[in-house]
Amino acid sequence: MSESIRSRVPEERVAPHSSGMLILPVLLVGLCSSTSCIVFGGIRLYNGFSAIGSLLLTFGILCALIFCVLLGGFRVVGPNQALVLTLFGRYFGTLKEPGFYHVNPFAIANAPAARGERTEPAPARGTSATAVSVPSKKISLKTRTLDNRKQKVNDALGNPIIIGSVVIWRVDNPTAAVFSVDNYEEYLSIQCDSTIRNIARLYPYDTMENDADEKTLRGSSSEVSEIMQTELAERVKDAGLVIEDVRITTLAYSDEIAAAMLQRQQATAIIAARQKIVEGAVGMVKMAIDQLGEDEVVVLDEERKAAMVSNLLVVLCGSKDAQPVVNSGSLY
């Protein structure tokens, strides 16, 4: 966010307020007194005392109107809720502590991005209930979860992949969340999409080489998630939002190359397994020849050693069990 936009966001302050539990009895007593003045003024006018009756009636009506207007200044703030108030178009203050308050009755709660839902009964029998979106004047300060939709991006090698994430976030500065962006939930979702797309382009999905130092989306998901969290937190900081955690929930090759990449991974795994088998077989053959020579169990010339090595490698490296053939004649 640019410095000019940041400068237009008012600094958060506590709204001027009084305790609602103290103001409510005063207003109720005032309403009762105003009603009494109206009644006695009407009686006086009815009995012919026009001057006193008119004065009492006028005073009672004015006081009743004032007290009725003041009744509109009560606000209730629950735990992990906030009210951002404006007075005649200017920032009035914010209430974040839970309680029952009385503020200026002309102060209006501003929360354009907070949305709530309620379900109203169907108007006719047999029809289902309809979910109606109702704007809420209170901003939730609770920790919330954004399940970012899956999106197709290209990794560092240009391979199309499917990636999705979940973001744990909360509103830290409700004043900035209301006045800096139009809808902070949509703003967070868009910034999350952009961040994941940009970070995913910097790393390959997986590496086919034995390079343990190279970071990949599949092998270094924790480190990549921390990088995503840092960048996303920096982007939404000026909107009054705090990113507590980012985790990759979906990571896979795109459908058009998934089969080819699976074959490639299988081929790599087969080659690595065969390499291990050959290394072990060579070691076992060498050990067998050395022990036969040391113990002088049998003396073989170079040609017979080569034949023995060939037979042992076939037995040890073969993918199927070898069928032994017993030679009952002379070796030569």
Side-chain angles (χ1 to χ4, degrees), residues 9-44 52 55-121 131-145 169-181 183-185 239-242 244:
V9 178
E11 185 178 355
E12 186 177 77
R13 63 174 182 270
V14 179
H17 63 277
S18 303
S19 174
M21 300 302 295
L22 296 178
I23 302 298
L24 182 60
V26 174
L27 294 182
L28 292 178
V29 172
L31 281 175
C32 293
S33 301
S34 301
T35 305
S36 300
C37 290
I38 293 173
V39 172
F40 285 117
I43 294 174
R44 290 275 187 172
I52 299 178
L55 182 61
L56 287 175
L57 185 62
T58 303
F59 179 76
I61 292 175
L62 289 177
C63 289
L65 291 175
I66 294 174
F67 289 136
C68 287
V69 172
L70 291 177
L71 284 175
F74 290 105
R75 301 287 188 274
V76 178
V77 179
N80 287 325
Q81 289 183 342
L83 276 177
V84 180
L85 303 174
T86 56
L87 181 62
F88 301 121
R90 293 183 176 272
Y91 176 59
F92 184 68
T94 303
L95 295 175
K96 298 171 67 175
E97 295 295 327
F100 181 45
Y101 302 99
H102 185 270
V103 297
N104 191 315
F106 297 102
I108 301 175
N110 244 344
R115 295 288 186 269
E117 287 190 357
R118 71 182 179 192
T119 301
E120 295 184 351
V132 181
S133 180
V134 183
S136 173
K137 297 298 183 181
K138 299 175 183 177
I139 299 178
S140 175
L141 303 181
K142 300 177 182 178
T143 300
R144 304 162 70 178
T145 302
W169 65 284
R170 61 181 174 85
V171 178
D172 182 64
N173 188 340
T175 304
V178 170
F179 294 117
S180 62
V181 294
N183 188 311
Y184 59 83
E185 293 181 355
L241 308 180
V242 172
E244 296 185 351

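No experiment lies behind these values; they were computed from the predicted model shown. Note: hydrogens, waters and symmetry copies are ignored here, and every other heavy atom, side chains too, is used.
For residues 75-89, the set of pairs meeting the salt bridge (Lys or Arg N to Asp or Glu O under 4.0 Å) definition, not counting sequence neighbours, is empty.
Here the shortest heavy-atom pairing between Ser34 and Gly60 reads CB-O, 3.5 Å. The heavy-atom pair separating Pro174 from Asp172 by the smallest distance is CD-O, 3.6 Å.
For Ile61, the side-chain contact (heavy atoms from CB on, under 4.5 Å) partners at least two apart in sequence or on another chain are Ile38, Leu57, Leu65. Applying the ring-ring contact (aromatic ring centres under 6.0 Å, His included) test to Phe59 and every residue at least two apart in sequence or in another chain returns nothing. In this structure, the side-chain contact (heavy atoms from CB on, under 4.5 Å) partners of Ser36, at least two apart in sequence or on a different chain, are Phe40. Taking the salt bridge (charged side-chain N to carboxylate O under 4.0 Å, His left out) definition, one finds that Glu244 meets it with Arg170, sequence neighbours left out.
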Quiz item: Under the side chain to side chain contact (heavy atoms under 4.5 Å, CB included) criterion, do Trp169 and Val242 qualify, and how do the steps go?
Solution: CA-CA 6 Å; Trp169 65 284; Val242 172; over 6 Å; no
Show me the side-chain donor-acceptor pairs of residues 79-88 shorter than 3.5 Å, one per line, residues at least two apart or across chains.
{"unit_1": "Gln81", "atom_1": "OE1", "unit_2": "Gly78", "atom_2": "N", "d": "3.0"}
{"unit_1": "Thr86", "atom_1": "OG1", "unit_2": "Ile108", "atom_2": "O", "d": "3.4"}

Contacts under 3.5 angstrom, residues 96-104 side chains, donor-acceptor by atom type, not counting sequence neighbours:
{"unit_1": "Tyr101", "atom_1": "OH", "unit_2": "Glu97", "atom_2": "O", "d": "2.7"}
{"unit_1": "His102", "atom_1": "NE2", "unit_2": "Leu70", "atom_2": "O", "d": "2.8"}
{"unit_1": "Asn104", "atom_1": "OD1", "unit_2": "Phe106", "atom_2": "N", "d": "2.9"}

Considering only distance and modelled atom types, tabulate donor-acceptor pairs under 3.5 Å from the side chains of residues 10-29, sequence neighbours left out.
{"unit_1": "Glu12", "atom_1": "OE2", "unit_2": "Thr175", "atom_2": "OG1", "d": "3.2"}
{"unit_1": "Arg13", "atom_1": "NH2", "unit_2": "Tyr91", "atom_2": "O", "d": "2.7"}
{"unit_1": "His17", "atom_1": "ND1", "unit_2": "Ala15", "atom_2": "O", "d": "2.7"}

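Atom CG of Leu62 is separated from atom CZ of Phe67 by 11.0 Å, given to the nearest 0.5 angstrom. Separating the CG atom in Leu31 from the CD1 atom in Ile66 is a distance of 11.0 Å, to the nearest 0.5 Å.
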